[in-house]
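Numbers here are sequence positions counted from 1. This one's a predicted model, so the numbers in the text were calculated from it and none came from an experiment.
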Amino acid sequence: MTVVWINGAFGAGKTTTARELIELIPNSALFDPEIVGGALTHLLPPKRLAEAGDFQDLPIWRRLVVDTAAAMLAELGGTLVVPMTLLRQEYRDEIFGGLAARRIPVHHLLLAPTETILRERIAGREIPPEAPDGEIRVRQWSYDHIEPYRAALASWLTADAHPLDTSALTPYETAVRIAEAVGNGAVPACDIVQTPEPTAETLAAGVLLFDEHDRVLLVDPTYKPGWEFPGGVVERGEAPARAGMREVAEETGIQLREVPRLLVVDWERPAPPGYGGLRLLFDGGRLGPGEASRVLLPGPELRAWRFATEQEAAAMLPPVRYERLRWALRARERGSALYLEAGVPVG
């Protein structure tokens, strides 16, 4: 089972190409995530929909795209062709990481006509006659997203996806190129971490590392939204503190010489599709200037790292992780560990 994700600007011809492609790849099917967005208009209250400028900004859309793709492949097998614009790297990471967690590889391709050709195609795009103010609305949407597309090209998109200049190609010719590139290995599966989804409660250990200004080290995972502390799930038979040390070495290249001190034990309540469990945070101590300058990010698991003040961390971390950090810092100041339930001290 595999996914061929066709990315590109609005108006680049992704859906038309995808329809041609499923005729060329045996045992393949088309999944258009626009259908998920349309379904959400019937599932979510209008107020919630109005809060998002785009369906992609809704976490439920990103989750349902992953779940639907996985369900279709479980039902049909083979190859799923997905034509969908993804211009925000964090959304790409969340969706592709969710598929990777289900052991579904993703081949990421980018339709990249020149901007002149792109504008010509947008101008000639067929507009559904039943859509109110359709021509103005659909075309303007495409024009408005040329600049974000240009910014994504300059920052991450061409380095992540396999680009195809389709300026002089028909949709069929583009589909032939894609089928050949995927078939001969020219477009390998995306190099993104495959973190299996838990099937029960988990025990996870994180380690707080500090610089000389007592700012805490945060890392930006590619496989889930939001910043995080170095750490991960404790393996069977592994001591939690040792698991934290192992994760720090794997994620940052830093070898801790001493077993870190426990700061908080936090019980995370189940929140479907997650199972919750115990989350431990340890004090890994202060890094010297030399150690901090040697932080590495081995492999595709982490995108970035930085030291942050508590105030900065509040804006970077998801609320549940920030509460865990906040109380861990208080425990570090007091010199005694705290027990939390869902981020709130108990006892």
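Side-chain contact check for W61 versus L40: some heavy-atom pair is nearer than 4.5 Å. The shortest side-chain heavy-atom distance between I254 and V295 falls under the 4.5 Å cut-off. Side-chain contact between F55 and I60 is absent, with no heavy-atom pair separated by less than 4.5 Å. Within the 4.5 Å cutoff, no side-chain heavy atoms of L217 are placed close to those of L208. Side-chain contact between V82 and V4: absent, with no pair of heavy atoms (C-beta onward) separated by less than 4.5 Å. At least one side-chain heavy atom of D67 sits less than 4.5 Å from a side-chain heavy atom of R102. Residues L256 and L209 are in side-chain contact: their nearest non-hydrogen atoms beyond the backbone lie under 4.5 Å apart. Using a 4.5 Å cut-off on side-chain heavy atoms (C-beta onward), F307 and L287 make contact.
Across all non-hydrogen atoms, the minimal contact from L111 to Y149 is O-OH, 3.8 Å. In plain terms, the two heavy atoms of A313 and A308 that are nearest each other are N-CB, 4.2 Å. Of all non-hydrogen atoms in E201 and G277, the two that sit nearest each other are CB-CA, 4.1 Å. Here the closest heavy-atom approach between residue L99 and residue A69 is recorded as CD2-CB, 4.0 Å. Scanning all heavy atoms of the two residues, the minimum distance from A175 to E20 falls at CB-CB, 3.7 Å. Listed here is the closest heavy atom pair of V3 and I104: CG2-CG2, 3.8 Å.
D266 contributes a side-chain N or O that, together with a main-chain N or O of G343, makes up a donor-acceptor pair within less than 3.5 Å. With hydrogens and angles ignored, the 3.5 Å screen pairs no side-chain donor or acceptor of T252 with any backbone N or O of A249. Side chain of R279 to backbone of T202: a donor-acceptor contact under 3.5 angstrom is found. With hydrogens and angles ignored, the 3.5 Å screen pairs a side-chain donor or acceptor of Q56 with a backbone N or O of T85. A donor-acceptor distance shorter than 3.5 angstrom exists from the side chain of E238 to the backbone of E235, with no hydrogens or angles considered. Using modelled atom types, one side-chain atom of S28 and one backbone atom of I22 make a donor-acceptor pair closer than 3.5 Å. For E173 (side chain) and T170 (main-chain N/O), a donor-acceptor pair under 3.5 Å exists by modelled atom type. In terms of modelled atom types and a separation under 3.5 Å, the side chain of T174 and the main chain of T17 share no donor-acceptor contact. A donor-acceptor distance shorter than 3.5 angstrom exists from the side chain of W5 to the backbone of M84, with no hydrogens or angles considered. Side chain of D160 to main chain of W156: no donor-acceptor pair is present (N/O by atom type, distance under 3.5 Å, no hydrogens or angles).
Residues L86 and V106 fall within the same hydrophobic cluster, defined by Ile, Leu, Val, Met, Phe, Trp and Tyr side chains chained together at heavy-atom separations under 4.5 Å. Residues L30 and L73 do not share a hydrophobic cluster, defined by chaining ILVMFWY side chains whose heavy atoms lie under 4.5 Å apart. In the hydrophobic cluster analysis, where Ile, Leu, Val, Met, Phe, Trp and Tyr join through side-chain heavy atoms closer than 4.5 angstrom, V265 is grouped together with V346. Two different hydrophobic clusters hold L24 and V182 under the rule that ILVMFWY side chains link at heavy-atom gaps under 4.5 Å. There is a path of hydrophobic side-chain contacts, each under 4.5 Å, that joins L338 to L317.
Other residues, nucleotides and ligands contribute more than 12 heavy atoms inside 6.0 Å of the OH atom of Y322. Under a cut-off of 6.0 angstrom, the local environment of CZ in R242 is sparse, with at most 12 non-hydrogen atoms contributed by other residues, nucleotides or ligands. For E333, the CD atom counts as densely surrounded, since its 6.0 Å shell holds more than 12 non-hydrogen atoms of other residues, nucleotides or ligands.
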Requested in this report: Please report the C-alpha distance between L203 and V233 in whole Å, then the side-chain angles of each, then the deciding distance to 0.1 Å, and finally whether the side chain to side chain contact (heavy atoms under 4.5 Å, CB included) criterion is met.
Outcome: CA-CA 6 Å; L203 173 63; V233 174; over 6 Å; no
Requested in this report: Please step through side chain to side chain contact (heavy atoms under 4.5 Å, CB included) for the pair V259 and M245, ending with a clear verdict.
Outcome: CA-CA 7 Å; V259 177; M245 297 173 71; 4.2 Å; yes
Requested in this report: Just do the side chain to side chain contact (heavy atoms under 4.5 Å, CB included) check on V176 and E180 with the steps written out, would you?
Outcome: CA-CA 6 Å; V176 170; E180 291 175 348; 3.6 Å; yes
Query raised in the report: When you look at R324 and L281, which way does the side chain to side chain contact (heavy atoms under 4.5 Å, CB included) test go after all the steps?
Result: CA-CA 8 Å; R324 200 172 295 146; L281 275 184; 3.7 Å; yes
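For R269 and E341, the salt-bridge test fails: no basic side-chain N is under 4.0 Å from an acidic carboxylate O. For R332 and D214, the salt-bridge test passes: some basic side-chain N is under 4.0 Å from an acidic carboxylate O. A salt bridge links R330 with E310: the closest approach of a Lys/Arg side-chain nitrogen to an acidic carboxylate oxygen falls below 4.0 angstrom. Salt bridge E51/K47: absent, no basic N to carboxylate O contact under 4.0 Å.
To the nearest 0.5 Å, atom CG of residue L340 and atom CH2 of residue W327 are 8.0 Å apart. In this structure, CG on L76 lies 7.5 Å from CG on N27, to the nearest 0.5 angstrom. Between atom CG of residue D54 and atom CZ of residue R88 there is a gap of 9.5 Å, rounded to the nearest 0.5 Å. We find the CZ-CG distance between F282 and L263 to be 8.5 Å, quoted to the nearest 0.5 Å. Atom OG1 in T68 sits 8.5 Å away from atom CE in M72 (nearest 0.5 Å). The distance from the CD atom of E258 to the CZ atom of R261 is 11.5 Å, given to the nearest 0.5 Å.
Put simply, the residue from M316, E312, R321 that forms a side chain to side chain contact (heavy atoms under 4.5 Å, CB included) with W227 is M316. N7 pairs with exactly one of H108, K14, R92 by the side-chain hydrogen bond (donor to acceptor under 3.5 Å, both in side chains) rule, that one being H108.
In the model, T166 has no side-chain atom that pairs as donor or acceptor with a side-chain atom of R177 under 3.5 Å. D57 and Y91 are linked by a side-chain donor-acceptor pair at a separation below 3.5 angstrom, with hydrogens and angles left out of the test.
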